[in-house]
**Q** 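Structure incoming, see below.
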Amino acid sequence: MAYDDILQRIRAAEAAQGRAEGSVHLIAVSKVQPDARVDAVLRDGHRLFGENYVQEAQGKWPTFRDTFGPVEVHLIGPLQTNKAKPALHLFDAIHTLDRPSLAHRLARLAQEAGRCPDLFVQVNTGEEPQKAGILPANADAFIAEARALDLPVTGAMCIPPEGEDPAPHFVHLAQIAERNGLPHLSMGMSADFEIAIAHGATHVRVGSALFGARTY
Ligand SMILES: *Cc1c(COP(=O)(O)O)cnc(C)c1O
């Protein structure tokens with residue numbers, strides 16, 4: 001039921017902006033959720049999920065894919081350079097490309113593997129010292145650097161600071177994506193995905209509103 005509700009809210013937010021139906025993709029964020037909850041959303045027919053941890057995803061998705069067939073899984077959590085190889089093979093997209101060392105590693109691995117997930121550049125729009133993401137002032141140069149390595153950079157991603165109005169962060173990210181010709185915008189979570197859609201989100205990352213609270 002929660003699944004249908006969320007989808008309906010997404011379709012309504014699309015319509016309110018005059019955007020095409022289906023132009024916003026729901027990424028069901030299944031990190032640390034019990035398998036039974038993930039299984040239920042798969043049975044509802046959903047096939048796009050988000051995970052934060054490489055190891056957790058490795059333990060979960062090969063099995064679910066055996067049962068349900070192709071499922072698109074995106075990495076939305078920080079990626080350590082030493083986990084780049086398994087990440088490249090497991091995920092269909094990585095939303096957290098945020099530094100040159102990771103770009104260079106992914107480029108080398110992609111050359112060896114002959115494949116690379118779609119990449120989103122994570123931008124630290126709130127310029128929070130503890131948060132991952134390239135600083136906004138460095139975003140254009142970093143995107144150019146990643147493209148020069150032949151990486152398939154197709155989007156931008158942000159996580160606005162807790163407790164702040166997210167709208168200015170969404171606007172800022174949309175401007176960065178626009179001027180760099182990036183078609184995908186990964187922004188909006190359980191509390192603010194409708195606001196993100198109003199500002200152009202193409203991928204919303206919804207966890208707790210869909211699966212219930214996470215118990216770590
Ligand atoms: C956990 C997480 C989400 C989902 O958060 P909810 O508030 O539960 O919807 C979205 N994006 C990222 C990057 C996350 O780590």
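In each ligand, atom 1 is the first atom listed, and ligand 1 is the first ligand listed.
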**Q** Within the 4.5 Å heavy-atom criterion, are I159 and R205 side-chain neighbours or not?
**A** yes
**Q** Aromatic contact between F49 and W61, with the criterion being ring centroids under 6.0 Å apart: yes or no?
**A** yes
**Q** Tell me, which residues have any heavy atom less than 4.0 Å from some atom of ligand 1?
**A** V29, K31, N52, I76, M157, I159, M189, S190, R205, V206, G207, S208, R214
**Q** Going by the rule side chain to side chain donor-acceptor pair (under 3.5 Å), which residues pair with E72 if we only count those two or more places apart in sequence or in a different chain?
**A**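 Testing E72 for side chain to side chain donor-acceptor pair (under 3.5 Å), a comparison that skips the adjacent residues, returns H74.
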**Q** Hey, are D35 and K60 close enough for a salt bridge, meaning a charged N less than 4.0 Å from a carboxylate O?
**A** no
**Q** Does this structure show an ion pair linking R108 with D150, if we count only N-O contacts that are shorter than 4.0 Å?
**A** no
**Q** When you check the gap from the basic side-chain N to the acidic O, do R43 and D39 get nearer than 4.0 Å?
**A** yes
